[in-house]
Number of protein chains: 4
Amino acid sequence: MARLAGSDGETTAKAIRAQSLALFARHGYAAVSMRMIADAVGVQPGALYQYHSNKQQLLVDLMRGHLEALLRAWREEEDAADSPVQALERFARFHIRYHITRPDDVFISYMELRALEPDEFRAIEVLRKSYEGVLKAILEAGRVQNIFSCEDPHVSAMAILAMLTGVNSWYRSGGRLSQAKIEDIYAVMVARSVGCELEGRSDV
Amino acid sequence: MARLAGSDGETTAKAIRAQSLALFARHGYAAVSMRMIADAVGVQPGALYQYHSNKQQLLVDLMRGHLEALLRAWREEEDAADSPVQALERFARFHIRYHITRPDDVFISYMELRALEPDEFRAIEVLRKSYEGVLKAILEAGRVQNIFSCEDPHVSAMAILAMLTGVNSWYRSGGRLSQAKIEDIYAVMVARSVGCELEGRSDV
Amino acid sequence: MARLAGSDGETTAKAIRAQSLALFARHGYAAVSMRMIADAVGVQPGALYQYHSNKQQLLVDLMRGHLEALLRAWREEEDAADSPVQALERFARFHIRYHITRPDDVFISYMELRALEPDEFRAIEVLRKSYEGVLKAILEAGRVQNIFSCEDPHVSAMAILAMLTGVNSWYRSGGRLSQAKIEDIYAVMVARSVGCELEGRSDV
Amino acid sequence: MARLAGSDGETTAKAIRAQSLALFARHGYAAVSMRMIADAVGVQPGALYQYHSNKQQLLVDLMRGHLEALLRAWREEEDAADSPVQALERFARFHIRYHITRPDDVFISYMELRALEPDEFRAIEVLRKSYEGVLKAILEAGRVQNIFSCEDPHVSAMAILAMLTGVNSWYRSGGRLSQAKIEDIYAVMVARSVGCELEGRSDV
DNA sequence: TATGAATGAGATTTCATTCAT
DNA sequence: GATGAATGAAATCTCATTCAT
């Protein structure tokens with residue numbers, strides 16, 4: 001019919017983001033239909049096209065939103081005064097903390113890259129590589145200062161990111177381990193993986 | 001038309017496995033149609049139903065085949081005489097070696113669990129947990145002998161598996177690093193993550 | 001949002017007529033969406049419904065506007081003192097001149113009759129037959145005076161109108177032939193088709 | 001379900017051609033849905049895609065089929081021994097006879113060119129221009145031999161084709177005039193339009 | 001007078017699957 | 001063992017239209 005009394009574009013836009021994120025993460029982009037999203041939002045499928053020009057663009061908008069927010073958050077978190085060891089710990093803790101609270105964004109931004117058409121893929125890859133570059137720079141700085149025993153910063157960065165992001169594959173909030181404890185455990189493992197012991201935590 | 005001269009069920013069966021594996025890995029189960037698989041194999045879609053009763057069962061057959069082969073391979077690899085440190089290194093090297101050569105099987109067996117219907121999911125999970133149990137047992141053995149500094153064998157096992165399997169996300173055969181070198185690097189990182197140094201390799 | 005400063009109903013009405021005419025002529029009524037028209041006009045689709053109650057009525061308004069203007073123009077052009085030959089030449093020249101400058105109106109008024117619902121169709125047919133009657137009357141007058149060799153005025157009228165209107169299918173303003181030259185050529189052909197030579201133009 | 005007992009591809013293919021031709025001619029390409037065609041044929045819409053890869057290709061197949069058959073038919077009809085006057089009469093009679101029995105093919109092949117995408121349009125235009133070239137060659141031959149008073153063969157060809165094809169806009173089989181009589185009338189008009197009288201027929 | 005949000009219907013097309021041959 | 005023809009359901013997306021603002 002027409003606009004329902006009280007309906008509001010911004011509210012609908014947020015609901016579409018939230019519901020499509022949850023559905024894509026749970027079932028995968030290809031397995032989620034626009035009808036499923038519309039049902040979750042409480043509108044007809046056609047209404048989704050007022051907000052995203054097609055299904056692919058909806059996915060792109062979710063990914064771009066996540067990666068841009070992630071990069072902004074790190075820029076606020078980082079401290080130029082950190083030593084490489086401090087920077088590595090800060091990064092590990094930040095990564096876990098940021099990712100653990102947004103498992104759906106994380107999952108689709110890493111797993112649904114294959115669903116992107118070439119142009120969209122390239123645009124998103126730029127953002128993703130930009131974040132990977134943060135960790136690589138930290139490792140490289142530690143390596144040239146002979147603080148890290150890290151033969152190949154690229155491989156180490158990939159391994160560390162895989163390990164850190166892997167938390168999301170098993171973490172459930174309210175589970176046995178607190179978020180802070182998980183940060184502690186992983187910070188130590190990350191440091192050790194480049195040959196460092198974090199001070200005062202050899203007991204972990 | 002009837003059977004083409006020279007067409008052969010076993011050949012077709014293998015081609016279906018190979019092509020569906022590659023397609024599911026590249027695009028995801030939901031994004032691959034039976035027609036795409038049939039085209040890749042060189043038959044009509046209806047022919048696929050001579051080998052797998054439906055699309056879901058085709059996926060299950062691929063996963064079960066992979067996981068059963070993986071467990072068989074480990075049983076041939078393991079050595080009851082190993083110390084926990086040796087066992088951990090053997091496991092790390094085995095995991096990388098086995099997985100690096102079967103990236104498609106690995107990928108779909110981890111990523112397409114969500115595409116399984118409940119009954120099929122449970123059956124596959126049993127196999128998967130059985131393999132995770134191998135690593136957990138090694139870690140637990142090292143922990144009780146005070147060889148590993150490993151507070152929580154379950155968390156550590158998940159972290160290590162994530163890191164090891166993560167190789168597949170960036171490894172390309174013929175790349176800069178040999179498979180043996182990658183095994184070395186990861187064996188050291190895995191050992192360090194539980195507080196051990198592998199002998200004679202502090203230079204890695 | 002309310003009315004934009006400076007927006008003006010009459011301007012919009014004219015723009016809707018101009019743009020819908022061009023789009024219907026180029027792509028056909030059924031292939032043009034209200035959204036396409038709105039985009040061309042520079043308004044939202046809903047705004048179109050302030051001027052025409054629905055898409056069908058928009059088409060009817062275009063056709064009626066054209067046919068009524070055509071009949072008015074002929075009434076101003078015709079000369080009761082003409083002989084049948086003069087009247088036929090006048091009609092041929094008028095038809096070409098009037099139609100050649102309004103190709104879009106002409107095209108949709110002839111081609112989109114099939115898109116009209118029965119009631120609207122009948123109303124438009126009355127206007128169209130009224131114009132065809134003009135030519136038929138001229139031919140009939142020439143026939144009864146034994147000036148035209150024209151066995152069947154109806155068939156001849158249809159043939160002549162098809163030929164004359166056919167100019168629009170290839171004429172492009174600024175092309176090789178001037179409008180006046182085209183009028184000359186067709187006036188001669190029309191006259192000859194009923195067995196007459198126009199005076200002083202046997203060279204054409 | 002599956003193939004119905006007794007269903008047969010060639011039968012269905014012909015039915016699709018016949019029904020889509022009739023529907024496109026009556027309502028226009030854009031106004032006809034695949035569902036309408038499927039209903040007329042007596043199959044589900046999806047079955048149409050076994051015969052034509054999409055709606056556009058269905059239209060192209062209809063047009064190409066018509067134009068190729070038309071050119072083949074003329075090649076069998078033409079007689080190299082004809083004088084220009086004889087050739088012109090033969091062409092006029094052939095054109096009317098061929099087109100009058102295939103009004104739907106004719107209509108869509110001339111009117112739905114605008115519905116073609118650029119590549120398809122070019123391919124069809126080649127065929128259409130090839131047929132126009134037949135008439136132009138006849139006119140040109142008569143002009144250089146000073147038999148036809150025809151200043152511009154291209155314009156005359158367009159005018160004559162418009163007139164001849166225009167028959168389809170009013171002819172109904174079983175109507176007042178026989179097909180032979182219509183051929184006679186038009187043959188005379190066409191000849192006169194280039195300044196010739198057909199022998200023994202000045203009475204028409 | 002016009003917008004912005006939405007609807008309900010329907011468009012084209014693809015899908016997994018079936019089964020007579 | 002495989003094809004070729006078809007189904008019934010569902011996918012993505014567009015459409016004309018409505019109406020609170």
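Here is the naming used below: chain letters follow the sequence lines, and residue numbers restart at 1 for every chain.
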* More than 12 heavy atoms from other groups under 6.0 Å of CZ on Arg114(A) -> yes
* Asked: Hey, which of these two, Leu48(B) or Gly42(D), hits DNA chain F nearer its 5' end, going by closest nucleotide?
  -> Leu48(B)
* Please report, rounded to the nearest Å, how far the C1' atom of dC13(F) is from the CD atom of Gln44(A). => 14 Å
* Asked: Checking Tyr29(C) side chain against Gln56(C) main chain: does a donor-acceptor pair fall under 3.5 Å?
  -> yes
* Which dot-bracket string fits DNA chain E when only Watson-Crick or G-U wobble pairs with both atom distances under 3.5 Å count, crossing pairs get [ ], and | stands for a partner on a different strand? -> .||||||||||||||||||||
* **Ser109(C) (side chain) donor-acceptor with Val106(C) (main chain) under 3.5 angstrom** => no
* Asked: Across the strands shown, which category fits Val32(C) at heavy-atom distances under 4.0 angstrom: base, sugar-phosphate, nothing?
  -> sugar-phosphate
* Asked: Where each residue is assigned the nucleotide of DNA chain F containing its nearest heavy atom, which of Gln50(D) and Tyr49(A) is assigned the position nearer the 5′ end?
  -> Gln50(D)
* Asked: Within less than 4.0 Å of OP1 or OP2 of dA2(F), is there a side-chain N or O belonging to Tyr51(B)?
  -> yes
* Roughly, in whole Å, what's the span from NZ in Lys55(D) to P in dT12(E)? -> 4 Å
* To do: Using whole Å, report how far CE of Met34(A) lies from P of dG10(E).
  => 21 Å
* Structure fact -> From the candidates dA6(E), dA2(F), dT14(F), the one with an atom nearest any side-chain atom of Ala47(A) is dA6(E)
* Asked: Within the distance-only criterion (no hydrogens, no angle test), does the side chain of Arg64(B) pair as donor or acceptor with the backbone N or O of Ile124(B) below 3.5 angstrom?
  -> no
